[in-house]
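Each remark here refers to the structure printed beneath this line.
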Amino acid sequence: MPELPEVEVSRLGISPHLQGRVLKQVLVRQRQLRWLVPDEVVALQNEPILGVSRRAKYLLMHLKQGDILIHLGMSGNLKMLPSATPPGKHDHVDWVLDNQTLLRLNDTRRFGAVLWQAKGELHPMLSALGPEPLTDAFTAEHLHLCCLKRGSAIKLVLMDNHVVVGVGNIYANEALFKAGILPTRSANSLTLAECAVLTEVVKQTLQFAITQGGTTLKDFSQVDGKPGYFKQELLVYGRGGEECLRCDTELREIRLGQRSTVYCPDCQR
DNA sequence: ATATCCACCTGGCGGC
DNA sequence: TGCCGCCAGGTGGATA
């Protein structure tokens with residue numbers, strides 16, 4: 001999926017269409033996503049939508065008595081459509097609004113989720129998350145402290161939700177390249193200065209990807225159906241065996257924590 | 001606590 | 001064409 005930029009692009013796309021509208025009903029055609037869609041969501045009727053926010057890779061649709069949590073998993077996308085639009089394959093959930101439109105969740109692989117968080121409660125999935133990367137809570141000092149405690153590869157630490165949220169496989173590869181740091185480096189070998197560079201490029205990379213509508217490899221789309229255009233900005237992800245765009249050295253591709261990892265052996269140390 | 005590996009699910013691709 | 005294995009934006013959970 002959908003890493004943080006894609007989720008944020010989805011939020012920016014749906015928010016103006018949902019804010020202030022009334023959710024008439026929720027149509028669930030496939031209840032078994034990563035977890036069963038809970039009764040509280042299925043039963044919703046005629047609820048004013050107060051707003052839409054994001055925490056990590058979760059979207060939160062705020063209602064009076066609680067929040068609907070939506071996670072896009074690996075292959076999810078959200079679209080706003082006229083309410084008469086017939087559902088297609090993998091169109092699992094519709095949120096039907098009071099103006100002849102609906103918000104539709106399509107998720108081929110069903111690793112996504114729709115959850116419920118009652119007013120005043122914090123869903124367990126949101127309770128142990130690290131700081132948001134695009135806020136001041138994500139600092140070089142915080143990253144450095146996390147790194148000192150860990151002997152594993154920096155890429156794995158960067159992708160750990162307890163350290164910072166929202167950085168998935170694509171953006172971890174890209175950020176480490178931009179920071180000039182090998183993904184395999186032991187996290188506790190990073191200096192504070194290196195953590196400062198890494199923190200900064202993570203912020204820049206995610207922020208710029210949002211302006212480009214995110215990255216579409218296959219399943220992701222913006223709310224209006226257009227793909228994300230950050231794919232053409234990728235420097236290393238998906239380019240193993242090709243030339244480094246900075247120095248012409250052949251990019252290496254390895255597995256790290258079962259995830260494909262691409263780096264330049266010359267630019268990254 | 002940390003680290004490793006598996007699981008969930010569908011579909012596309014390369015190889016035989 | 002068909003079948004088989006492998007791979008894919010995530011991440012909770014079991015295990016040692």
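Note on naming: letters A, B, ... go to the chains in the order of the sequence lines (proteins, then strands), and numbering restarts at 1 for each one. Remember, it's a predicted structure, so these values are computed and weren't measured experimentally.
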Length of the line joining D160(A):CG and dT2(B):C1', which is rounded to integer Å:
10 Å
dC9(B) pairs with, by Watson-Crick or G-U criteria that keep both distances under 3.5 Å
none
Looking only at heavy atoms, what is the nearest atom pair of P133(A) and V202(A), with distance?
CB-CG1, 4.2 Å
Value in whole Å for how far the C1' atom of dC6(C) lies from CD of E253(A)
13 Å
Starting at CG of N173(A) and ending at P of dA8(C), how long is that distance when rounded to a whole Å?
11 Å
Taking only side-chain N and O atoms of S260(A), does any of them lie within less than 4.0 angstrom of OP1 or OP2 on dA8(C)?
yes
Measure from the side chain of R110(A), starting at C-beta and using heavy atoms only, and say which of dG11(B), dG10(C), dT10(B) lies closest.
dT10(B)
Phosphate OP1/OP2 of dG11(B): any T108(A) side-chain N/O under 4.0 Å:
no
On the nucleotide dA1(B), are OP1 or OP2 found under 4.0 Å from the side-chain N or O atoms that R150(A) carries?
no
Could you state the atom-to-atom distance from CG of N169(A) to P of dC7(C) in whole Å?
13 Å
L198(A) and A179(A): which non-hydrogen atoms are nearest, and at how many Å?
CD1-CB, 3.9 Å
Nearest-nucleotide check on DNA chain B, S152(A) vs K218(A); residue mapping nearer the 5' end is S152(A)
Closest to the 5' end of DNA chain C, once Q258(A) and W35(A) are matched to their nearest nucleotides, is Q258(A)
For R255(A), which contact category applies under a 4.0 Å heavy-atom criterion: base, sugar-phosphate, or nothing?
sugar-phosphate
Once you round it to whole Å, what is the distance between P of dT11(C) and NE2 of H162(A)?
12 Å
Checking H17(A) against T101(A) for the side-chain hydrogen bond (donor to acceptor under 3.5 Å, both in side chains) test, could you report, in this order, the C-alpha distance in whole Å, the side-chain angles of both residues, the deciding distance, and whether it holds?
CA-CA 9 Å; H17(A) 297 283; T101(A) 66; over 6 Å; no
Reckon D107(A) touches a base, only the sugar-phosphate, or nothing at all at heavy-atom distances under 4.0 Å?
nothing
Given dA8(C), dT10(B), dG11(B), which nucleotide is nearest the side-chain atoms of M74(A)?
dA8(C)
For K89(A), report the nucleic acid contact type (base, sugar-phosphate, nothing); a contact means any heavy atom under 4.0 Å.
sugar-phosphate
More than 12 heavy atoms from other groups under 6.0 Å of CD on Q32(A):
yes
Does NZ or CZ of R239(A) come closer than 6.0 Å to the centre of the six-membered ring of F177(A), within 45° of the ring's axis?
no
Are the ring of F111(A) and the six-membered base ring of dC9(B) within the stacking cut-offs of under 5.5 Å and under 30°?
no
With rounding to whole Å, what would you report as the distance between dC3(C) and dC9(B) at their P atoms?
22 Å
Return yes when atom CG of D136(A) has more than 12 non-hydrogen atoms of other residues, nucleotides or ligands closer than 6.0 Å, and no otherwise.
no
Measure from OH on Y237(A) to P on dG10(C) and round the result to the nearest Å.
8 Å
In whole Å, I'd like the distance from the CG atom of N161(A) to the C1' atom of dG13(C).
14 Å
Apply ring-ring contact (aromatic ring centres under 6.0 Å, His included) to F220(A) and F230(A), showing your working.
CA-CA 12 Å; F220(A) 179 71; F230(A) 193 75; over 10 Å; no
dG11(B) OP1/OP2 closer than 4.0 Å to side-chain N/O of H90(A)
yes
Integer-rounded Å distance: dG10(C) P and R109(A) CZ
10 Å
For R34(A), answer base if it contacts any base atom (sugar-phosphate contacts may also be present), sugar-phosphate if it contacts only those atoms, and nothing otherwise; contact means non-hydrogen atoms under 4.0 Å.
base
Can you find a side chain N or O atom of K57(A) that sits less than 4.0 Å from OP1 or OP2 on dT11(C)?
yes
dT11(C) phosphate, OP1 or OP2: any side-chain N/O from H71(A) under 4.0 angstrom?
yes
Using a 4.0 Å heavy-atom cut-off, does G151(A) contact any base of the nucleic acid, only the sugar-phosphate backbone, or nothing at all?
sugar-phosphate
Scan K149(A) against the nucleic acid and name what it touches under 4.0 Å (heavy atoms): base, sugar-phosphate only, or nothing.
nothing
